[in-house]
2 protein chains.
Amino acid sequence: MERMSGTARDAEAVSRFVETFAAQLVEAGMQRMAARVFAALLSSDEGAMSSAELAEQLRISPAGVSGAVRYLSQAHMVAREREPGSRRERYRVHGDQWYAALTNRDAVIRRWEGALREGVESLGPDTPAGRRMAETLAFFEFIEGELLTMMERWRVHREQLFGEPGEPGEPEPGEPGEF
Amino acid sequence: MERMSGTARDAEAVSRFVETFAAQLVEAGMQRMAARVFAALLSSDEGAMSSAELAEQLRISPAGVSGAVRYLSQAHMVAREREPGSRRERYRVHGDQWYAALTNRDAVIRRWEGALREGVESLGPDTPAGRRMAETLAFFEFIEGELLTMMERWRVHREQLFGEPGEPGEPEPGEPGEF
DNA sequence: CGCTTCTTTCAGAAATTTGTGAAGTTAAGG
DNA sequence: CCTTAACTTCACAAATTTCTGAAAGAAGCG
């Protein structure tokens with residue numbers, strides 16, 4: 001089932017995966033370009049690509065790459081690194097990517113909680129609507145706590161499966177946090 | 001801090017909450033109309049409104065309500081019910097709404113897993129890229145399992161907080177599952 | 001220091017998404 | 001059955017988003 005000479009990757013197969021996986025991410029709410037860039041990085045052997053490589057493989061303009069990368073790095077899903085002594089930048093998915101994505105989800109939830117607290121207060125905690133919102137709020141607070149312990153369990157589980165402890169990589173409280 | 005006569009709700013305050021909360025949902029990827037309808041239902045005292053009421057409060061056309069409700073009910077976030085002996089339909093947020101929403105998230109994850117499995121296979125499980133994807137896959141499988149037990153813990157937690165056990169409400173494996 | 005190479009920003013074209021009016025469909029009530 | 005109230009679907013207009021080319025902005029390297 002080996003294709004090509006065994007050394008070169010089957011560009012066709014890579015591309016097919018990139019597009020199907022990206023499509024799923026888009027359907028879940030991610031921007032198209034960002035999804036494609038992310039999928040491409042994920043399926044690259046190095047786990048990192050330069051702007052030019054991305055532009056070529058995905059057939060998009062450098063500007064498009066730039067925008068996608070800005071989105072992804074705000075969501076902490078890729079890291080940018082400079083090849084030492086070169087103007088060329090590389091974008092990398094690191095092992096912590098999903099941890100970071102979920103941490104960001106957490107930021108989103110926190111904003112929801114803020115809105116809900118205001119709602120409870122302005123509608124009155126003793127009205128039926130207020131009680132319903134208070135319950136919703138409680139649910140999110142619960143989830144928030146769970147996320148934390150869940151990621152801890154993942155770290156453990158991961159080591160069991162793969163041995164290596166993932167790179168440390170500071171999760172940082174993080175920006176807006178869209179995705 | 002009571003406003004109005006105490007019986008009528010402060011329409012202004014409700015509207016303000018609806019719009020701010022909806023805005024947060026939109027930012028997290030939900031369609032605008034769906035978010036507004038959902039927020040309106042959440043902040044209604046009954047937890048249910050008719051199409052006409054929604055159209056009036058949100059100043060949108062019946063067609064808009066129809067579209068939003070279709071989205072929400074596919075995502076299992078609202079239930080539709082018929083007032084017996086009337087052509088009027090009511091849309092209701094039930095206690096299980098978040099459970100349902102997360103169940104749906106689960107469906108999304110399953111689709112991601114499918115794409116990833118194909119990716120691992122077509123790129124080769126022994127290539128660096130293949131290994132990276134396999135790890136991602138493992139992460140999602142882990143999350144999938146966690147979601148299940150998490151919701152169980154929520155049920156328990158919820159009863160502690162509020163006493164009442166939420167309505168049963170069949171979660172159903174569910175359709176596409178956008179949100 | 002200026003040249004060259006890469007990246008980002010910006011204004012606008014293109015494509016997609018969203019929301020509406022109007023016609024169509026379903027079902028209650030006479 | 002026919003009427004009428006309510007919801008849905010559909011085609012299109014409007015708004016928004018996405019992507020690009022061009023120009024401006026950094027940063028290595030001579």
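Each chain gets a letter, A, B and so on, in the order its sequence line appears, and its residues count up from 1. Remember, predicted model here, so these are calculated numbers, not experimental data.
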Results of ring-ring contact (aromatic ring centres under 6.0 Å, His included) for A:F17 - residues two or more places apart only: A:F21
Within the 4.0 Å heavy-atom criterion, would you say B:R80 contacts the bases, only the backbone, or no part of the nucleic acid? sugar-phosphate
Which nucleotide in the list D:dC19, D:dA6, C:dG21 gets nearest to the side chain of A:M33? D:dC19
Listed nucleotide nearest any side-chain atom of B:R32, set C:dT9, C:dT18, D:dA27: C:dT18
Less than 4.5 Å apart, side chain to side chain, heavy atoms only: is that true for B:R131 and A:F162? no
Between P of C:dT7 and CD of A:E81, the distance in whole Å: 13 Å
Using a heavy-atom cut-off of 4.0 Å across all strands, would you classify A:S66 as base, sugar-phosphate, or nothing? base
Kindly point out which of C:dT7, C:dT4, D:dC7 is positioned nearest to the side chain of A:R87? C:dT4
Could you measure the distance from the CE atom of A:M150 to the CD1 atom of B:I143? Nearest 0.5 Å is fine. 3.5 Å
Of the nucleotides D:dT8, D:dA6, C:dT20, which one has an atom closest to the side chain of B:I60? C:dT20
From C-beta outward on A:R70, which listed nucleotide comes closest to its side chain: D:dT8, C:dT9, D:dT20? C:dT9
When you measure from the side chain of A:E89, which nucleotide among C:dT8, C:dT20, D:dC7 comes out closest? C:dT8
